[in-house]
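Throughout, protein chains are lettered first and strands after them, A, B, ... in sequence-line order, and every chain is numbered starting at 1.
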2 protein chains.
Amino acid sequence: MDSVFLALGHQTRRKILDIVKSMPGCSVADVVKYFDDISRIAVMKHLDVLEAADLIVSRKQGRRRELFFNAVPIQMIYDRWTTEYSRFWASRALDLKYLLENPSESAET
Amino acid sequence: MDSVFLALGHQTRRKILDIVKSMPGCSVADVVKYFDDISRIAVMKHLDVLEAADLIVSRKQGRRRELFFNAVPIQMIYDRWTTEYSRFWASRALDLKYLLENPSESAET
DNA sequence: TCCATATGTAACCAATACGTTACATATCGA
DNA sequence: TCGATATGTAACGTATTGGTTACATATGGA
């Protein structure tokens with residue numbers, strides 16, 4: 001769980017995930033082409049993070065490594081949202097409403 | 001976006017979020033009570049991270065600081081899942097299925 | 001008024017994150 | 001076969017993170 005959130009908490013990695021998602025089986029080099037502002041090694045490190053978080057699955061095909069998006073961890077988090085927070089919207093999303101309708105005398109910092 | 005994921009990518013912070021969510025208006029000290037393995041200052045630092053990510057909103061009430069859970073950033077991410085990935089389940093979640101049904105000759109590393 | 005309570009800030013440290021360059025290894029294809 | 005291509009590893013440096021202790025400030029209430 002930590003690793004999935006942490007992996008997603010970096011814009012480059014989310015972009016990588018989008019690329020792999022839209023090009024199943026693409027290679028590392030295919031991904032690297034989309035980044036001219038960071039090195040190949042940096043991209044690979046990001047891929048390592050995504051793979052450690054199971055967001056990407058890879059397999060070696062000769063000298064190429066094929067990358068695949070793994071929807072499962074995101075599905076798990078998505079499921080957690082719906083069970084943990086969905087009923088929350090109705091009953092508890094009033095916190096902020098309460099705040100806004102009951103301004104305190106001291107300014108909010 | 002980065003900040004929300006990063007904030008959630010740490011177990012202590014998710015626990016803090018749960019506490020604040022279940023006790024709207026609770027104080028810093030209320031939260032600190034649930035953690036005997038880390039210091040008050042560490043807890044406050046985590047609160048800073050959650051507040052910077054807008055996951056928590058606070059206001060000073062005299063010598064107390066009241067903490068409120070803010071559902072909006074999570075709602076935004078939740079909405080992103082549904083638009084970005086929901087149709088993905090049906091059409092693209094076959095990536096792994098493809099992998100498992102077409103083992104390559106070289107072992108997956 | 002003054003002690004208790006609640007929070008805040010600063011400094012420090014070790015570990016981690018994220019980038020880099022250099023070098024190495026494996027596979028492909030002409 | 002050999003150069004090209006693709007990937008991998010190691011080492012390094014800087015910035016950030018997540019914890020700590022020490023000290024400071026503000027408010028509450030007896």
d([atom1], [X]; [atom2], [N]) in whole Å:
X	N	atom1	atom2	result
B/K33	C/dT5	NZ	P	12 Å
A/Q61	C/dG29	CD	C1'	17 Å
A/R59	D/dA6	CZ	P	18 Å
B/L67	C/dT7	CG	C1'	11 Å
A/D30	D/dT7	CG	C1'	13 Å
A/Q11	C/dC18	CD	C1'	15 Å
A/M44	C/dA24	CE	P	17 Å
B/K60	C/dT7	NZ	P	7 Å

Contact class for A/S27 vs. all strands (heavy atom < 4.0 Å): base, sugar-phosphate, or nothing?
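The residue A/S27 makes sugar-phosphate contact but no base contact.
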What's B/D37 touching, base or sugar-phosphate or nothing? Going by heavy atoms closer than 4.0 Å.
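Touches sugar-phosphate only.
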Give a yes or no answer on whether the side chain of A/D30 reaches the backbone of A/S27 with a donor-acceptor pair at less than 3.5 Å.
yes
Is there a donor-acceptor pair under 3.5 Å between the side chain of B/R64 and the backbone N or O of B/A29?
no
A/Y34 reachable from A/F69 in the ILVMFWY side-chain graph, under 4.5 Å edges
yes
Any side-chain N or O of [X] less than 4.0 Å from the OP1 or OP2 oxygen of [N]?
X	N	value
A/R63	D/dG8	no
A/S39	C/dT20	yes
B/R13	D/dG18	yes
A/H10	C/dG19	yes

Could you tell me whether A/K45 and A/D48 make a salt bridge, using a distance below 4.0 angstrom between a side-chain N and a carboxylate O?
no
So, applying side-chain contact (heavy atoms from CB on, under 4.5 Å) with B/L55, which one of B/N70, B/L8, B/L47 is it?
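The single option meeting the side-chain contact (heavy atoms from CB on, under 4.5 Å) with B/L55 is B/L8.
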Of A/I38 and B/A29, whose nearest nucleotide on DNA chain C comes first from the 5' end?
B/A29
Result for 5'-nearest mapping on DNA chain C, choosing between A/R64 and A/K45, is A/K45
Among C/dC18, D/dG8, C/dG8, the one nearest B/I41 by side-chain distance
C/dG8
Can you tell me whether the side chain of A/R40 and the base of D/dG8 have a donor-acceptor pair closer than 3.5 Å?
yes
